[in-house]
Number of protein chains: 2
Amino acid sequence: MPETPRRPDSRYGNRPTMKDVAARAGVGLKTVSRVVNGEPGVTPETERRVQESIEALGFRRNDSARVLRKGRTASIGLVLEDLADPFYGALSRAVEEVARAHGTLLINGSSAEDPEREQELALALCARRVDGLVVIPAGDDHRYLEPEIKAGVATVFVDRPAGRIDADCVLSDNYGGAREGVAHLIARGHRRIGFIGDMPRIHTAAERLRGYRTAMQDAGIPVEDAWMSLGATDPQRVRHAAEEMLSGPEPVTAVFSGNNRVTVTVIRVLAERTRPVALVAFDDLELADLLQPGVTVVAQDAAALGRTAAERLFRQLEGGLATPERIELPTRLIARGSGELPPAD
Amino acid sequence: MPETPRRPDSRYGNRPTMKDVAARAGVGLKTVSRVVNGEPGVTPETERRVQESIEALGFRRNDSARVLRKGRTASIGLVLEDLADPFYGALSRAVEEVARAHGTLLINGSSAEDPEREQELALALCARRVDGLVVIPAGDDHRYLEPEIKAGVATVFVDRPAGRIDADCVLSDNYGGAREGVAHLIARGHRRIGFIGDMPRIHTAAERLRGYRTAMQDAGIPVEDAWMSLGATDPQRVRHAAEEMLSGPEPVTAVFSGNNRVTVTVIRVLAERTRPVALVAFDDLELADLLQPGVTVVAQDAAALGRTAAERLFRQLEGGLATPERIELPTRLIARGSGELPPAD
DNA sequence: TAGAGCCTGGACAACGTTGTCAGATGCAGG
DNA sequence: CCTGCATCTGACAACGTTGTCCAGGCTCTA
């Protein structure tokens with residue numbers, strides 16, 4: 001009994017393969033591969049025929065197969081919190097540029113600040129065999145990445161450190177920046193200074209809070225609980241917190257805002273008040289200099305964070321790195337007016 | 001003479017494969033595949049053994065091989081201009097959410113407004129066999145995508161239409177929005193109205209300019225060349241253009257700004273002047289309502305653009321679409337003060 | 001206890017590419 | 001004309017996965 005011919009499985013809308021190109025050009029499969037990859041050892045005449053055949057068929061090399069064979073994908077992954085946030089947008093773009101310079105594609109995904117989604121994304125990227133991974137952690141336990149790292153996936157954490165594993169990370173000096181910003185307010189004579197930040201389980205938020213506390217302590221000012229708000233950064237909660245600490249018999253005369261999302265809400269609340277309240281904000285904002293008064297900020301350099309992390313990643317891939325390191329980038333205080341207002345008791 | 005054993009080619013840092021997992025669990029290869037993919041037909045006991053083996057070895061399925069076999073990558077590509085621009089960040093995020101709902105990964109790349117780079121990126125994504133492509137065009141000739149589309153890559157253009165090919169596209173009503181914005185100024189009594197926009201080779205810029213011209217014409221106001229600036233959107237050029245049209249014996253009393261990059265510079269220039277000048281800007285800005293005066297804008301909905309495009313893409317993939325369509329989303333005029341200033345001659 | 005039918009598990013080919021290696025061809029020198 | 005060498009070319013296996021198909025063991029019924 002003759003073999004029944006197998007029906008081919010579904011293919012990518014029936015795209016031509018090297019085999020098809022070879023058949024049309026009347027050459028061997030490997031010769032096409034050589035032409036496509038610019039390898040030497042092909043007569044100009046043969047090459048011409050192959051090129052013509054490629055054009056005619058609209059052939060495009062299937063990188064999945066290539067990857068399978070070669071073991072390198074020439075792609076890296078970036079897990080961040082939310083691409084719609086300009087801070088992460090700038091960071092992502094910086095990583096992309098470094099990747100591009102290394103002939104590498106960047107795949108990024110948003111975790112939406114959800115640890116589970118972070119893990120899901122990171123592992124999906126590993127399953128696609130990205131060569132490396134830049135992670136802006138949402139969760140605080142990254143042991144799930146251990147097998148991947150051991151298997152050779154270069155990994156760098158940015159903005160927040162890795163949890164429970166030893167890995168490269170690139171951070172801003174959150175503690176130092178916040179401390180400097182609060183000290184700036186104290187130097188202008190403020191004593192009752194509010195702090196509105198994100199949930200302290202987030203490393204950056206915790207560090208900034210620590211900077212606030214230290215600055216206050218350095219100045220010998222006991223901090224009252226009513227001055228601090230630590231929680232989600234949705235407008236409603238922030239608004240409520242701000243209004244709370246601005247009212248009562250002993251309201252704060254200045255506010256330190258823990259991140260850009262908090263800041264936009266705080267600015268709105270302050271704009272509704274008549275009594276001037278000083279403000280220093282962590283993270284810079286577009287147009288911050290054009291508000292009345294201009295917003296004094298502790299700026300971090302998102303692009304530098306991304307660039308540094310990506311460069312470190314490629315150094316890992318080139319095999320030139322010994323032990324994980326923690327790199328901290330400085331922040332910069334930019335005085336624009338809001339942070340220089342005197343206390344108005 | 002005995003066969004010399006082949007040395008294995010380089011592999012991904014020697015990751016375990018299904019074969020390894022099968023060997024350790026004492027089962028067949030296909031059984032592991034079944035467990036990994038949750039296919040039926042495996043005894044609980046066998047499944048347990050396999051799971052244990054997977055854990056122990058730190059196995060992760062190789063999606064490249066899977067893709068090769070299955071023909072679908074469960075990923076789509078997004079070619080945009082610059083992720084660091086909040087407008088595109090929001091758009092990208094919206095596309096990502098739709099993709100995620102379809103179990104699909106999003107790969108995005110920045111063209112930096114360079115047509116060649118756009119093409120390079122789009123084709124690189126096709127080589128990775130993305131199932132679909134969302135493109136925010138930088139160039140104006142997309143015939144290079146024809147073979148891909150014919151081969152089954154679903155394609156949707158956003159923000160700007162495709163050039164020289166027939167394809168789905170999702171746009172904002174740039175013409176109508178600009179026209180409405182300029183008419184808004186005319187209704188407040190302005191006649192000398194400046195327009196500062198991007199290079200007219202960019203579709204959105206051309207359409208907005210057309211809206212400006214139409215609104216002026218509708219009001220019977222002849223437009224003078226000195227009122228229009230069409231070119232790159234770097235701060236220096238924009239600043240120069242703005243200062244130019246604000247000085248001289250017959251300066252403009254209002255400015256229509258063609259996009260968000262232009263707007264930030266125009267605001268700066270206006271803030272330096274004492275004579276109030278009205279402003280309506282295309283694209284919304286964070287904090288635009290907190291400036292003095294608040295900035296009146298013609299807002300487009302980046303998220304809606306992205307969402308609509310992505311949904312259309314998946315409809316294409318499900319095969320439910322007949323002919324390419326051009327979808328236009330409305331813009332929204334938001335009056336905040338700057339656009340309601342009367343002319344100050 | 002035999003036969004039918006179901007369930008589980010495994011052997012094998014195929015996806016499209018690249019690395020290896022050996023065969024074919026051409027040319028110069030003896 | 002043959003040999004040796006360099007240059008081109010193609011056959012073949014392998015990458016890790018999944019689809020197909022069949023074998024073997026089990027239960028159930030007559």
Side-chain angles (χ1 to χ4, degrees), chain A residues 1 3-23 25-50 54 57 59-74 126-129 151, chain B residues 3-23 25-50 54 57 59-74 127-129 151:
Chain A
M1 186 168 165
E3 301 251 323
T4 58
R6 231 167 254 286
R7 286 236 311 298
D9 299 353
S10 82
R11 291 199 292 141
Y12 318 86
N14 254 357
R15 298 193 70 123
T17 71
M18 286 193 176
K19 205 163 131 188
D20 303 324
V21 174
V27 302
L29 178 54
K30 184 64 221 243
T31 301
V32 177
S33 170
R34 273 194 270 262
V35 171
V36 169
N37 295 297
E39 287 170 27
V42 181
T43 339
E45 163 57 14
T46 311
E47 167 155 9
R48 202 197 48 71
R49 282 222 314 287
V50 172
I54 288 177
L57 295 176
F59 167 80
R60 181 107 31 225
R61 178 178 64 198
N62 184 330
D63 273 354
S64 293
R66 176 169 223 252
V67 158
L68 181 59
R69 192 62 239 258
K70 306 203 71 146
R72 276 277 147 122
T73 57
C126 289
R128 297 197 178 221
R129 295 296 186 270
Chain B
E3 300 252 325
T4 58
R6 234 166 252 286
R7 286 232 314 294
D9 300 350
S10 83
R11 290 198 294 139
Y12 318 85
N14 253 358
R15 299 192 71 121
T17 71
M18 285 193 177
K19 204 163 132 188
D20 302 325
V21 174
V27 302
L29 179 53
K30 184 64 220 244
T31 302
V32 177
S33 172
R34 274 196 268 263
V35 170
V36 169
N37 294 299
E39 287 169 27
V42 181
T43 343
E45 163 57 14
T46 310
E47 167 157 8
R48 203 197 47 71
R49 282 223 314 286
V50 172
I54 288 176
L57 295 175
F59 166 80
R60 180 107 30 225
R61 178 179 62 197
N62 185 332
D63 272 353
S64 293
R66 175 168 223 254
V67 159
L68 181 59
R69 191 62 238 260
K70 305 203 74 147
R72 277 277 145 123
T73 57
R128 297 197 178 220
R129 295 296 187 269

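Each chain gets a letter, A, B and so on, in the order its sequence line appears, and its residues count up from 1.
Side chain B:R61 to base D:dG16: no donor-acceptor pair is found below 3.5 Å. The base of D:dG19 sits with one of its N or O atoms less than 3.5 Å from a complementary donor or acceptor on the side chain of B:K30. In terms of polar N and O atoms assigned as donor or acceptor, the side chain of B:R34 comes within less than 3.5 Å of the base of C:dG10 in a complementary pairing.
Neither OP1 nor OP2 of D:dT17 sits under 4.0 Å from any side-chain N or O of B:S33. Contact annotation: B:T17 does not reach the phosphate of D:dC15 (side-chain N/O to OP1 or OP2, under 4.0 Å).
Note on the helix from C:dT1-D:dA30 to C:dG30-D:dC1: angle between the axes of the first and last five pairs equals 60°, rounded to 10 degrees.
For B:N37 (side chain) and B:E39 (main-chain N/O), no donor-acceptor pair under 3.5 Å exists by modelled atom type. Listed for the A:T43 side chain is no donor-acceptor partner under 3.5 Å among the backbone atoms of A:E45. Distance alone, capped at 3.5 Å, is enough to place a donor-acceptor pair between the A:R49 side chain and the A:A25 backbone.
Taking the side chain of B:M18 as heavy atoms from C-beta on, and the options C:dG10, D:dT18, D:dG10, the nearest nucleotide is D:dT18. In this structure, the nucleotide among D:dT17, C:dG10, D:dT18 sitting nearest to the side chain of B:V27 is C:dG10. Comparing D:dG16, C:dG16, D:dG10 by their nearest atom to the side chain of B:N62 picks out D:dG16. For A:T43, whose side chain is taken as the heavy atoms from C-beta onward, the closest listed nucleotide among C:dG9, D:dC8, C:dT18 is D:dC8. Distance from the side chain of B:F59 is smallest for D:dT17 among the nucleotides D:dG10, C:dG9, D:dT17. Among the nucleotides C:dT18, D:dT9, C:dC15, the one closest to the side chain of A:K70 is C:dT18. With C:dG9, D:dG19, C:dT18 as the candidates, the nucleotide lying closest to the side chain of B:E39 is D:dG19.
Here A:D63 lies out of heavy-atom contact (under 4.0 Å) with every strand.
In this structure, B:R15 atom CZ and D:dT17 atom P are separated by 10 Å, rounded to whole Å.
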Problem - side chain to side chain contact (heavy atoms under 4.5 Å, CB included) evaluation trace for B:T17 with B:L29 - result: CA-CA 10 Å; B:T17 71; B:L29 179 53; over 6 Å; no
